[in-house]
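Keep in mind it's a predicted model, so treat the numbers as computed, not measured. For ligands, and for the atoms within them, numbers begin at 1 and follow the listed sequence.
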Amino acid sequence: MRKPIIAGNWKMHQTPAQAKALAQEIRAGLNQTVLSEREVILCPPFVDLTVVEEAVRGSGIGLGAQNFYPKEEGAFTGEISAPMLKELGVTYVIIGHSERRQHFREDDDFVNQKVLSALKNGLKPILCVGERLDEMEANLTEKRIETQLTGGLKDVSPEGLSSMVVAYEPVWAIGTGKNATPRQARDVHRFIRGWIAAKFGEGPADRLRIQYGGSVKAENAASLLTQPDIDGALVGGASLSADSFLAIVKY
Ligand code: PGA
């Protein structure tokens, strides 16, 4: 049985004071019963990690980072390493988000360096894959995802894969209010699991959690997250309000 994992990607929102209040509100809305059935992760901006960690400590809510640089230390002005995140209590890290691919030109090779660095340093990667609108319209969804998986998971062992999560996020659905239909999402999730099975074997594929992301809201969470092969959600906009995030967690 795969435990659904719901992660809130706050993106570049929330000052530390706002982040603390939001994390406290989310914590207050979750009890142990919910958290025994759902894994809940908050991914605030770097500067909020400490206050959010304090706000959720001991609750079972996990902490994720939105990014990091795949070297342990060195002359990389402005960057943050995996060991730094670990020390703050971070367990997950989002890698290969389409906004980083698009605005910061991150390619599959760099994504792969991050996956390997995260695994080496004991962080669990949430590897994001997904096609753009033009690719979807040209029927290139599977091809695009296959390329991203091949590149992103290069040199990853089955043991490494076992601490990973994959997030399917069609780029055309992110922040647009246009989500994939449950059927569209289900088909792509099935494709991803099949690809993983062919590369890593049935067992690892069966255990891998694959989240859906892209305009997940309280109103569509249940229809998406009850599909076979969809094991949770990576939530952007709707994770910035405790009410809507909690409603998604409790879909
Ligand atoms: P959205 O973002 O829920 O605002 O569409 C999802 C994401 O980018 O992870």
Peer 1: Looking at ligand 1, is there an atom of it that comes within less than 4.0 Å of some heavy atom belonging to S215?
Peer 2: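 The answer is yes: ligand 1 sits under 4.0 Å from a heavy atom of S215.
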Peer 1: Would you say G175 and ligand 1 have an N/O pair spaced under 3.5 Å apart?
Peer 2: yes
Peer 1: Between the side chains of R193 and D206, is the shortest nitrogen-to-carboxylate-oxygen separation below 4.0 Å, so that they form an ion pair?
Peer 2: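 No, no charged N to carboxylate O under 4.0 Å.
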Peer 1: Which pair of non-hydrogen atoms, one from R144 and one from E135, has the smallest distance, and what is that distance?
Peer 2: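 Smallest interatomic distance, heavy atoms only, reads CD-OE2, 3.1 Å.
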Peer 1: Indicate, as side chain, backbone, both or neither, the part of A173 found under 4.0 angstrom from ligand 1 when only non-hydrogen atoms are considered.
Peer 2: backbone
Peer 1: Suppose I only count heavy atoms of H97 and a 4.0 Å limit; which atoms of ligand 1 are within that range?
Peer 2: 7 (C), 8 (O), 9 (O)
Peer 1: Can a cation-pi geometry be assigned to R101 and F110, taking NZ or CZ under 6.0 Å from the six-membered ring centre and within 45° of the ring axis?
Peer 2: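 Verdict for F110: no cation-pi partner in R101.
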Peer 1: Quick one: side chain to side chain donor-acceptor pair (under 3.5 Å) partners of S244, sequence neighbours excluded?
Peer 2: S241
Peer 1: Identify the closest protein heavy atom to atom 7 (C) of ligand 1: which residue and atom is it, and at what distance?
Peer 2: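 Protein heavy atom with the smallest distance to atom 7 (C) of ligand 1: E169 OE2, 3.1 Å.
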Peer 1: Around atom 4 (O) of ligand 1, find the nearest protein heavy atom and jot down its residue, atom name and distance.
Peer 2: G237 N, 2.8 Å
Peer 1: Counting only nitrogen or oxygen atoms and a 3.5 angstrom limit, does G213 reach ligand 1?
Peer 2: no
Peer 1: To check your reading of the model: name the closest protein heavy atom to atom 2 (O) of ligand 1, its residue, and the distance in Å.
Peer 2: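 Atom 2 (O) of ligand 1 sits closest to the protein heavy atom K11 NZ, 3.2 Å.
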Peer 1: Distance to 0.1 Å, residue and atom name: give those for the protein heavy atom nearest to atom 3 (O) of ligand 1.
Peer 2: G236 N, 2.9 Å
Peer 1: Indicate, as side chain, backbone, both or neither, the part of N9 found under 4.0 angstrom from ligand 1 when only non-hydrogen atoms are considered.
Peer 2: side chain
Peer 1: Kindly write out the residues that satisfy salt bridge (Lys or Arg N to Asp or Glu O under 4.0 Å) with D134, not counting sequence neighbours, or none if the list is empty.
Peer 2: R132
Peer 1: Salt bridge check: are K71 and E79 linked by an N-O gap of less than 4.0 Å?
Peer 2: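 Between E79 and K71 there is no salt bridge, as every charged N stays at least 4.0 Å from the carboxylate O atoms.
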Peer 1: Any nitrogen or oxygen of G214, side chain or backbone, less than 3.5 Å from one on ligand 1?
Peer 2: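 In fact, backbone or side chain, G214 has no N or O that close.
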Peer 1: Do the side chain of T141 and the main chain of E131 share a donor and acceptor less than 3.5 angstrom apart?
Peer 2: no
Peer 1: Specify the closest pair of heavy atoms between S239 and F245, including all atoms of both residues, with the distance to one decimal.
Peer 2: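 Smallest interatomic distance, heavy atoms only, reads CB-CD1, 3.6 Å.
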